[in-house]
Structure formats: structure tokens, C-alpha cells
Amino acid sequence: IHMGHVRNYTLGDVVARYKRAKGFNVLHPMGWDAFGLPAENAARDQGIHPAKWTYDNIDNMKAELKSMGLSLDWSREIATCHPGYYRHQQQLFLEMLEHDLVYRRKSVVNWDPVDQTVLANEQVIDGRGWRSGALVEKRELAQWFFRITAFSEDLLSALDGLERWPDRVRLMQENWIGRSEGVRLKFDLKDRDDMLEVYTTRHDTLFGATFCALAPDHPLAKKVAEGDAAAADFIAECNRMGTSEAVIERAEKKGYDTGLRAVHPFDGRELPVFIANFVLMEYGTGAIFGCPAHDQRDLDFARKLGLDVIPVVAPKDADAAAFAVGDEAFTDDGRLINSDFLDGMTVPDAKAEMAKRLEDMGRGTRTVNFRLRDWGASRQRYWGCPVPVVHCDACGIVPVPVEQLPVELPDDVTFDTPGNPLDHHPTWKHTECPTCGKPAHRETDTLDTFVDSSWYFARFCSARADVPVEKGAGAYWLPVDQYIGGIEHAILHLLYSRFFVRAMRKCGHLDFDEPFAGLFTQGMVCHETYKSADGKWLYPEEVDFSGETPVLAGAGTPVTVGRSESMSKSKKNVVDPGSIIGQYGADTARWFMLSDSPPERDLEWTESGVQGAWRFTNRIWRLVVGAIDHLPAPGSAPPEETTNAAKEMRRAVHKAIVAVTDDLEAFRLNRAVARIYELTNTLSEQSEPVDGWTLREAMETAVRLIAPMMPHLAEELWHRLGHDILLAQCDWPEADMALAADDTVTIAVQVMGKLRGTLEVAKGMDKSALEAAALELDKVQRAMDGKPARKVIVVPDRIVNVVV
RNA sequence: GCGGGUGUGGCGGAACUGGUAGACGCGCCAGACUCAAAAUCUGGUUCCCCUUGGGGAGUGGGGGUUCGAUUCCCUCCACCCGCACCA
């Protein structure tokens, strides 16, 4: 495990332990997202079977997690690579297939011809495969897709109801789903029978259209290319262009005139139809009309090719006749010009009118369009969940009957040939068609590992059940009350899970829509980076800080200290949790994880910070152990009379309970830690002796407050304080509000808004008494300089401000 | 380009619905203990100025609202994150 895990699981464990102490029935499980490429890479590079590699890792990680003292329910442990898990995933897949939420279609993929595999966009670097370095080709392959777009509207609108999600994540999902309202509109093509359909959100600017453009892989473009070699070349050139950000940014707008002419539906102008490199087949209809005056891309394109620019919207206060567009398209609202029946309208009015006219003419339909695409889930890999279908020449795609599930991965695979090991396996894919019994072959695609993680939280509810989720268990536990994860999951994992829960509802497994009622996105764990003189990254333990400047340990050569970044193996700025836990103990590591930085922000790992946590661990130990001899037995009666010192101590104790409880409820764990420091400072600075009963209450409270954060230390101290049952079985301490309340209050006294003194007065003192007391202060008199008070603002229990 | 966020001591960060800016931790300084060091304990620590006592400035810059602004409004700057030719 790495420090990010330590932080994540510490946060979760604090919540679990706190909520348990508050009387909740808490399900705090652990599972392993265990399929995926790393296991296959290890197999190929080290000759270890992916299963062995994976289960060995699980054993190691489990031991490390156990050393952290996490209050996990290991009886519900799951691993997504276990047939007992993926069997149910296969069943869900088949049910979704039946409900038309899964389908297979051809789609363009990045194909690495050397490794014989499909690559994700992130694995294509400068047009080459990240591993093989081979030029990546675009290929059409039949792939499995989840029909996430069936829920586009709902996935978007339901975001409003996710009140306990960060706004940031909701916004990112909103943008990702990308809803837009527009019109699909058909142009006649001159001298042809077919029509060209485009999608637009700016139908109000139709009179400003000066061209149309097709995506390079648009069917019409392909048809043109059949009889036009130059067009075919242009399309091929577009396809060679990478999809990486850098390429797109630099790419110039290019177009090829097909010779086709689209006829403007209102004024009959003939618009040239181009094939253009900036039009995407995947969005809308894969074709656009271009209105250069009011769209920057269209304008760039028009300037490049010398096309007309006709402004049709002018700023409200501009002289319409003189309005012209330079190098910047005008995209704001304004008044329509040069647009016949739309002239004088605002943009929204013009949109409404144009949409209505187009619909009346039968040329257009108002359409809601989404950016969201269906989720391509096929992977040509071994270490993943097999897609449970059979391909039969006679029957087509045939689902594997449920009673034959799981379709298990074969053990005896090799990784020495490129491509999908399931495909090369001598026997595995050969089977009989479940319908007709003739020879058939199994699907050799496995599922994207995001599928595995899209429903595991539901599996925890009944981890050993022979159905994916037992109805009662799912209804009792779900949705997840508190989910904690990194921001990197803001879109994919969280969106896929939201889709899966909806799909599982449709298939009758669950009866709610949202998987995670509360989401918390934690920050990363960061550390300084170090580079040696020859520019190589160094591990922190390779650097010697004992001298004036840091040097390479042993060699003495200078070391450059870089900025603090998220811990990563590639930059070697990592600290191994195992060695920290070995050196300081789990409680100190946990305590440090919670100190200082708010959980949602990045945490800077520093050696001195850990030592601070270690000092506190020792300090509270000495404080409590040192008091034990002065304490009466647990449960003794309180003294008849109390001293002022005892009263003060109880006030501090009960105030701390109130504050820590509030902070835990609000997930302000760094503040909860600060409050506990405050309490222990007060307790150790106590000079006047107090009675044993009060001291016991104070020590026990301190121990109970640290328990969610430092469970081992807390249990040991609790035991030493004379208790027989575990602190983990005890309730959270309750604050006595009357004891916590202050009876005096400090009032700030200002003259003209500047602090001139303070008053220590009884709580609730009335305005006139406060005013009188404030005006008597020496410093106030001096600051007023003999002038009369024009006005005195008094806020009881807070402030007096004298205006002269 | 579009969308969002952040900015407070040497550092991480506190500050409830506008009401004593800097809680708590780190670091640093001084003292105690020690032959010494470590550990521990005590005190101090926003900056500037005058010896105590006090005065002034101060929450990225500028402006505004207010008796009073880290908090609300306008504007500019810096950094960070997400999406990215989405018609």
C-alpha cells in the first residue's frame, strides 16, 4: 500500500469508529479491484501467473492494512478476480443484454499492430503505441458497449439531488454529460436525391451560413471518396492526425471541397460542402453548417479558405448597417440582422422562431443532444471478466445460460505471443452453441475493469449470496452513506457506478438510483522531490540533510530539492507506510494523516510533522499513565463539593467534547485534532490539584476522543484506566452543555473600528452597562482624545465600538 | 478557448450567520535539567518603530459597501484543477 491508501483508509476508519460509537450499525468492508493490466504485465515480464501475482499482492496488502488497525469487516472481503464475484457480474451483463443496456457494434479503435491489441487513447503517445512504439492504426472492430446514454437525461438531472457531493464533482459530471438543445436540420443537395442532415444549436444564425462541412468519416464523405482520389487522400490524412491535445491545438483548420452544393432552405443560396478535419463524426450528425460570423472555428476555417462572412447578429447598441466581424466571431446575444423574418429579434427569440419554421416545413426537429457516449467496455485482454456469450454461425450472439456461469478464465495461458491470450488458447474458446448445439466459439473479449468497480459496493451487502445482491440486504444498507475517494474518480468511476445502479434497478436488483449518498474527495499525499547532480530522481532516504545543503548520501554530491508533488514511484518521492508504521506505530501514522491539512486538501508529508505526531503520542501516554495513581476506581461517586479548578477542568473537558463532535460530524478532522491538542495542553498545564473523580473524567474523555484516530493507544489506556470492556464497544462521550458554557465573556472594545482594549464581563450583560464600562477604559478615553462619542455600537457578548 | 477553485506569519493551517486575525501543529529563539548531547519541561515567536508601556501596518494588488470586512460587491494579478475543434 502507499501513503494515499493510508490517508484514505484512516479517514474512513475514523468515520466508521465514530459512527459506531454514536450507535450506528456500520458496514465498513474491504475489497480488491484485482483484474487489470498490471497483473498481465507482471506475468509477461516476470513469468508469474497473473492470478498468483494478484493473490500474493492481496496477501501483502491485507497484512499492511491489518497493521493499521482498521475496523474492517473481513468476513465480507471480495476480490473482483474471484469467480465468486465475476460470476454475478456476468449474470448482470446478460440481464443488461436482455434489457438492451448492452450491445455490440463496430467502432473505430486504436490498434497496435505489433502488440496486436487495442489501446486506450491515453496509451497512444505521438501516434505510437506506448509499449511497442509501433505506429497506431485506426481499425474498425466489433466491441461491446454499455448503453449509458439511455440515462443521459437522468444522470444529469439527478445530480441536483446529490446534496452531499462536492459541487466540483457534480459540475464535472454535468460538463461531461454535456447537454445541449438544438435542431437537426436537413439541407437539399443540388442535383442529388439525398439530403444532408446537420445538428446545430445556433439555428438563429442560419441566414449567416456560408458553407457546410462533413466529418472525414461521414458516410457521405466516404461516398465522395469512392470516385475522387484526392478526397480519399484528404480523409486518410485526417485519420493519421492524432487525437492528443497537443496535436489538436496546433492543427490548422483544413477542408476539401467535395463539389457538392447544399441548398439554403430559405434564400436558395448554394453552399459548398467540405470535408473538414475539425468536424467530429461522434457528435451530433457528424455534419455542420458553418456560420463564420458567429462561431470562432467556422471563422478560422472561412478565413483560411476565403469564404464569405455574413454577420447576422449585431450587438444591441451597435450600428447594424456598419457591423462587421474581424478575426473574432461575435458569439454574444444581440439583434438579428440580414435575416429576413428574424430581423430585429434577440437570439433566444430568433432560435424559437427558426425552430418553429423549420419544424413546420418538415426540415428540422428540435433535438436535445449529449456529449456523453456509450461506454466501450471490450478489452482484448486475459486478466479480466470474460464476456459470457457464444458466437454461433447459425444463431448469432447467444448468451451463456445462467446455470453455466461463471465462464471461468483458463489457467494455462501464455503471454509470449502478442495479442489476446484467450484468443490463442488451444481449446478455451471452442465450445457448442447453447441453442443449436453446433460448434461455436466463445467471446474472447473481457470487460473493462471499470465494470468490476461499478457495483462492488452492492456486493458487500451480501458478499457470499448466490445472487448479485440479496434484496433485503441491499435495501437495508444501500445507498452508501459515506464514500471516500480521490478526485481522479470524479467522472469515470462515479459516473459508471451511477449508470450501473440504474441498470441494476431496471433488472430488478435494486430499487434506488444513486449509489453514493455522500461523497468525500480527499486530497493527495505530497512530498518534496529530489534530483541528483546527473538529473536522476532520488528517494528521500538517499538524501543526506545533515550538512548545510542536501547532498547524496555516501557520495556527497549536491542534490536539487524540487517542489512538493503527489507521491509517485516515477519521481521516487515516496515514503513507505510499512516502515513508518514499523518505526512510529500505526497510531502515530494515522494521527499525522489527520493533522494539519483539511482532508479535502493535499497533505504535505514531512519528517518533522511525523515526529510532532510521535511527540503527541508519547505526551498523551505520559499524561494519562501519570494520572492513573491519583484516580478513584471507575464508577465512583463524584465529590460533594467542587473547587474552582475542578470546575474549570470540567469546562475544558466538556467544551472539547462539543467541539470534537462537531468537527467529526462536519469532517473537519484537522480541527478535531487541534481541539484535542488544546484539551491535552490544558490538562497538562493544570497546576492546582483537582479531585480524582474530575481528573478521571478528564483523562477518560481525552482517551475516548482520540479513540477513532488512535485506536490502539486508546484501547490500552482505557484498559489501564480500569475498564474491562473494549473502548470500541463504548458509546461516544456526551457533553453536558451547562458545564461547557462560559459564565464570563471577553468583549472587544474598539474606537473607530480599532481595538483599544477588552472587557471581561459576565455573560449576557446588558447594552448600557457594557457601554458605560467600555467608555471608562483608559485606553478608550485616550483614543477618543476628549471628543464626545457620536455613536456607540454594542453587540452583547461580543463587541463595543465607539464612533467619535 | 470554456468551466471551476485557491491566495492569511518562515511553513501547514484556524477564525461560527461581518464583530479581539493568526487557534492547533511544524520551525525558530531563550531558559531549566545535563559534564555534554538527545529526550523532556517552561517561556517567547505576524511585521515595523520608539528602552518598560505604547504606537503604526497587516489576510495577493487596487477600489467600494459598513460603526466594523479574511468574510459581502467591483476590478486586476498569480497559481492550481477539469474539459478541450461537442457545432
Side-chain angles (χ1 to χ4, degrees), chain A residues 166-176 178-180 182-183 198-203 205 213 215 243-245 247-249 251-253 276-280 282-291 294-298 300-301 331 369-373 487-488 490-491 526 564 591-592 595-598 601-604 606-613 615-616 618-619 622 659 662 668 670-681 684-685 746-759 779 782-783 789-795 797-804:
Chain A
D167 289 343
R168 181 156 76 123
V169 175
R170 291 197 281 184
L171 193 71
M172 281 164 76
Q173 292 218 348
E174 191 182 317
N175 291 338
W176 187 262
R179 183 181 195 276
S180 73
V183 169
V198 303
Y199 173 74
T200 180
T201 57
R202 289 303 303 273
H203 34 290
T205 65
T243 51
S244 73
E245 284 177 30
V247 173
I248 288 168
E249 206 159 295
E252 278 188 69
K253 302 274 180 290
N277 63 345
F278 68 96
V279 180
L280 305 173
E282 301 86 52
Y283 189 77
T285 62
I288 61 161
F289 79 74
C291 174
H294 306 290
D295 181 286
Q296 193 59 47
R297 290 158 306 177
D298 295 351
D300 294 345
F301 187 74
T331 54
N369 207 25
F370 293 91
R371 217 191 70 119
L372 186 67
R373 320 270 162 77
I487 188 70
E488 69 273 17
I491 295 175
C526 299
S564 181
W591 185 257
F592 176 66
S595 310
D596 292 354
S597 289
R601 281 205 224 171
D602 288 352
L603 171 80
E604 168 77 6
T606 60
E607 190 62 28
S608 55
V610 186
Q611 274 163 14
R615 267 200 292 277
F616 176 73
N618 286 291
R619 210 148 74 82
R622 284 196 306 269
D662 280 359
R668 294 184 297 239
N670 58 317
R671 249 177 47 161
V673 164
R675 296 302 199 168
I676 291 170
Y677 272 116
E678 233 168 346
L679 175 64
T680 52
N681 286 348
S684 50
E685 283 159 14
T746 310
I747 307 278
V749 182
Q750 301 179 333
V751 178
M752 298 298 287
K754 284 197 172 175
L755 184 73
R756 297 296 171 182
T758 57
L759 285 171
K779 286 188 168 186
R782 226 181 308 151
R790 274 197 292 134
K791 195 171 162 192
V792 181
I793 286 130
V794 182
V795 183
D797 291 346
R798 277 204 194 280
I799 201 162
V800 178
N801 189 13
V802 182
V803 186
V804 290

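We name chains A, B, ... by the order of the sequence lines, and we start the count at 1 in each one.
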Measure [atom1]/[X] against [atom2]/[N] and give the value in whole Å, please.
{"X": "A/Gln173", "N": "B/G4", "atom1": "CD", "atom2": "P", "result": "17 Å"}
{"X": "A/Ile288", "N": "B/A87", "atom1": "CD1", "atom2": "C1'", "result": "6 Å"}
{"X": "A/Ile799", "N": "B/C16", "atom1": "CD1", "atom2": "C1'", "result": "15 Å"}
{"X": "A/Asp797", "N": "B/C16", "atom1": "CG", "atom2": "P", "result": "17 Å"}
{"X": "A/Met752", "N": "B/A69", "atom1": "CE", "atom2": "P", "result": "11 Å"}
{"X": "A/Leu280", "N": "B/A87", "atom1": "CG", "atom2": "C1'", "result": "9 Å"}
{"X": "A/Phe289", "N": "B/A87", "atom1": "CZ", "atom2": "P", "result": "12 Å"}
{"X": "A/Arg297", "N": "B/G1", "atom1": "CZ", "atom2": "C1'", "result": "11 Å"}

So what's [N] paired with, Watson-Crick or G-U wobble, going by both distances under 3.5 Å?
{"N": "B/U40", "result": "B/A32"}
{"N": "B/U71", "result": "none"}
{"N": "B/U59", "result": "none"}
{"N": "B/C2", "result": "B/G82"}

I need the minimum non-hydrogen distance between [X] and [Y], along with the two atoms involved.
{"X": "A/Ser180", "Y": "A/Thr201", "value": "OG-CG2, 3.9 Å"}
{"X": "A/Thr746", "Y": "A/Thr758", "value": "CG2-CB, 3.8 Å"}
{"X": "A/Ser595", "Y": "A/Asn670", "value": "C-CB, 4.3 Å"}
{"X": "A/Arg756", "Y": "A/Val751", "value": "CG-CG2, 3.8 Å"}

Which is true for [X] with a 4.0 Å heavy-atom rule: it touches a base, it touches only sugar-phosphate, or it touches nothing?
{"X": "A/Thr746", "value": "base"}
{"X": "A/Arg790", "value": "nothing"}
{"X": "A/Ile793", "value": "base"}
{"X": "A/Val198", "value": "nothing"}
{"X": "A/Asn175", "value": "sugar-phosphate"}
{"X": "A/Asp300", "value": "nothing"}
{"X": "A/Gly609", "value": "nothing"}
{"X": "A/Tyr199", "value": "base"}
{"X": "A/Thr758", "value": "base"}

Inset, instruction - Look at the rings of A/Tyr677 and A/Trp591 and say which category their plane angle falls in: under 30° parallel, 30 to 60° tilted, over 60° perpendicular. - result: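 Rings of A/Tyr677 and A/Trp591: perpendicular, as their planes differ by over 60°.
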Inset, instruction - Could you tell me whether A/Asp300 and A/Arg297 make a salt bridge, using a distance below 4.0 angstrom between a side-chain N and a carboxylate O? - result: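 Result for this pair is no, no salt bridge flagged.
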Short side-chain N/O contact from [X] to OP1 or OP2 of [N], under 4.0 Å:
{"X": "A/Arg615", "N": "B/C26", "answer": "yes"}
{"X": "A/Arg601", "N": "B/G13", "answer": "yes"}
{"X": "A/Arg756", "N": "B/G55", "answer": "yes"}
{"X": "A/Lys754", "N": "B/A57", "answer": "yes"}
{"X": "A/Arg373", "N": "B/C86", "answer": "no"}

Return the nearest nucleotide to the side chain of [X]; candidates are [options].
{"X": "A/Glu685", "options": "B/G68, B/C85, B/U42", "result": "B/U42"}
{"X": "A/Arg782", "options": "B/G13, B/G54, B/U20", "result": "B/G54"}
{"X": "A/Leu171", "options": "B/G19, B/G3, B/G82", "result": "B/G3"}
{"X": "A/Ser180", "options": "B/A87, B/G82, B/G13", "result": "B/A87"}
{"X": "A/Asn681", "options": "B/G82, B/C83, B/C24", "result": "B/C24"}
{"X": "A/Arg622", "options": "B/G82, B/G54, B/C41", "result": "B/C41"}

Work out how far the [atom1] atom of [N] is from that of [M], and round it to whole angstrom.
{"N": "B/U71", "M": "B/U59", "atom1": "C1'", "result": "10 Å"}
{"N": "B/U8", "M": "B/G3", "atom1": "C1'", "result": "27 Å"}
{"N": "B/G10", "M": "B/G18", "atom1": "P", "result": "29 Å"}
{"N": "B/C47", "M": "B/A21", "atom1": "C1'", "result": "14 Å"}
{"N": "B/U42", "M": "B/G58", "atom1": "C1'", "result": "31 Å"}
{"N": "B/C24", "M": "B/C41", "atom1": "P", "result": "16 Å"}
{"N": "B/A23", "M": "B/C16", "atom1": "C1'", "result": "14 Å"}
{"N": "B/A38", "M": "B/C29", "atom1": "P", "result": "12 Å"}

Inset, instruction - Nearest 0.5 Å please: distance from the CG atom of A/Asn681 over to the CD1 atom of A/Ile676. - result: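 If I round to the nearest 0.5 Å, the distance is 12.0 Å.
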Inset, instruction - First locate atom CD of A/Glu604, then atom SG of A/Cys526, and finally report the distance between them rounded to the nearest 0.5 Å. - result: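 Rounded to the nearest 0.5 Å, the CD-SG separation comes to 6.5 Å.
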Inset, instruction - Could you say whether A/Ala748 or A/Val673 is positioned toward the 5' end of RNA chain B, judged by the nucleotide with the nearest heavy atom to each? - result: A/Ala748
Legend entry - RNA chain B: 5'-proximal contact among A/Met172 and A/Asp602 (nearest heavy atom):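 The 5'-side residue here is A/Asp602.
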Inset, instruction - Check the pair A/Ile288, A/Tyr199 against side-chain contact (heavy atoms from CB on, under 4.5 Å), reporting the backbone distance first and the verdict last. - result: CA-CA 6 Å; A/Ile288 61 161; A/Tyr199 173 74; over 6 Å; no
Inset, instruction - With syn defined as a glycosidic angle within 90° of 0 and anti as everything else, classify B/G9. - result: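 Nucleotide B/G9 adopts syn.
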Legend entry - A/Asn801 side chain vs A/Val792 backbone, donor-acceptor pair below 3.5 Å: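 No, the answer is negative, given that no donor and acceptor are paired below the 3.5 Å cut-off.
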Inset, instruction - Assess A/Lys253 against A/Phe301: is NZ or CZ under 6.0 Å from the centre of the six-membered ring, and within 45 degrees of the ring's axis? - result: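 Because its charged atom misses either the 6.0 Å distance or the 45° angle limit, A/Lys253 does not stack over A/Phe301.
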Between the protein and nucleotides 21-23 of chain B, which nitrogen or oxygen pairs come in under 3.5 angstrom?
from	atom 1	to	atom 2	distance (Å)
B/A23	O2'	A/Glu678	OE2	2.9

